[in-house]
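Single-structure report; data block below.
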Amino acid sequence: MSTSLDTSAQTGTDTLCQPVVMITGASSGLGLATARQLLAKGDCRLILTARSASIPRFAAAGLLESDRVRLLPLDVALPDERAKAVIAAEAAWGQVDVLVNNAGVAYRTVAEHIDDQAWQHIMEVNCRAPLDLTTRLLPGMRQRRMGRIINISSVGGMMAMPTMALYSAAKFALEGLSESLWYEVRPWGIDVVLVEPGFIHSESFRNTLFTRRSFRSVVDDHDPYHAQYHAMSAFIERLMEKTIATPEGVAKVVVRAIRSSSPPLRIHATIDATVFGLMRRFLPRGLYHRFLYACLPHVRAHALPENP
């Protein structure tokens with residue numbers, strides 16, 4: 001990133017000279033942790049967005065509007081709200097220098113249980129919304145010949161797991177989109193960064209959505225995928241409860257990506273993401289998949305006999 005957008009050099013300067021960072025899904029979790037850390041550093045202006053119903057969370061978290069903070073309602077699933085939020089963001093301080101596409105949603109479903117409604121929802125939130133917000137801000141970034149797009153991906157965009165087919169499909173799409181964008185906007189001095197966290201110690205797994213068929217499978221112990229859903233749900237819950245990675249720790253990675261003079265395209269944000277990345281890089285692909293399959297909980301017990 002060019003020197004004028006390097007926030008590490010901005011401390012103590014006039015507020016209006018500080019870069020503008022827009023964060024989606026900023027009222028909780030990683031988005032909130034990132035906002036707090038940036039605010040504490042005091043070298044940028046923040047546009048924090050969340051769904052209208054979540055806006056009161058900012059006050060509860062001690063974040064109020066000021067000469068350095070603007071709060072905007074934004075449900076990233078709604079195209080009209082995305083358009084209005086970008087107009088309001090650029091009107092606030094004339095520009096957005098860094099966009100952090102953090103808002104996302106997750107579904108627990110095997111591939112066979114994916115339906116059109118869930119597909120459209122997760123692709124709209126996890127892929128289409130980041131693209132739409134990015135393309136609305138790119139003209140200004142190109143004109144200034146500087147800018148940064150930070151897309152929060154996941155270890156689910158590096159590898160897939162059973163019952164998380166839809167989530168990985170959306171994150172894999174975001175990864176491919178971001179990689180293409182990295183090449184396309186680089187001539188104008190615009191950086192694209194994928195931050196890839198693994199499992200984070202949080203309660204976010206409780207917010208995972210289900211399709212109609214996946215929910216029926218969870219409650220029906222005669223369904224062929226019933227055991228797989230229960231085994232994987234317990235497995236993921238254990239990993240998220242025992243991991244040492246926290247939203248605050250991953251937020252530090254995001255803040256470094258914002259402040260870095262030359263960030264890479266991909267950043268592994270947790271230890272497990274680094275390990276999976278190394279395995280994927282160095283293990284023969286057949287061995288890699290067989291190893292992961294063997295690590296799945298009670299994998300051979302998943303295949304129940306079909307009803308005659």
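None of the values given here were measured: they were computed from a predicted structure.
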Within a 6.0 Å radius of atom [atom1] on [X], are there more than 12 heavy atoms belonging to other residues, nucleotides or ligands?
X: Glu241; atom1: CD; value: yes
X: Leu278; atom1: CG; value: yes
X: Phe215; atom1: CZ; value: no

Calculate, to the nearest 0.5 Å, the distance between atoms CE and CE belonging to Met141 and Met146 respectively.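 Those atoms lie 11.0 Å apart.
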Sequence-distant partners of Arg266, salt bridge (Lys or Arg N to Asp or Glu O under 4.0 Å), two or more places apart: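 Scan of Arg266 (salt bridge (Lys or Arg N to Asp or Glu O under 4.0 Å), adjacent residues dropped) gives Glu175, Glu179, Glu196.
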Does a salt bridge link Asp80 with Lys84, judged by any charged N lying under 4.0 Å from a carboxylate O?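 Between Lys84 and Asp80 there is no salt bridge, as every charged N stays at least 4.0 Å from the carboxylate O atoms.
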Check this for me, if you would: do Asp75 and Arg51 make a salt bridge, where the nitrogen-to-carboxylate-oxygen distance has to be below 4.0 angstrom?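 Answer for the salt bridge query: no.
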Scanning both residues in full, the closest heavy-atom pair of Glu124 with Pro79 reads OE2-CG, 3.9 Å
Aromatic ring pairing His226/His230, orientation class (parallel under 30°, perpendicular over 60°, tilted between): tilted
Is a side-chain donor-acceptor pair under 3.5 Å present for Thr270 with Asp272?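 Asp272 vs Thr270: donor-acceptor pair found between side chains.
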Check: Gly42 main-chain N/O paired with Gln18 side-chain donor or acceptor under 3.5 Å: yes
Would you confirm whether Asn102, through its side chain, and Gly25, through its main-chain N or O, come within 3.5 Å as a donor-acceptor pair? yes
Given the rule in the side chain to side chain contact (heavy atoms under 4.5 Å, CB included) test, do Ser217 and Arg108 qualify, once you have shown the distances and angles that lead to the verdict? CA-CA 11 Å; Ser217 180; Arg108 182 157 296 133; over 6 Å; no
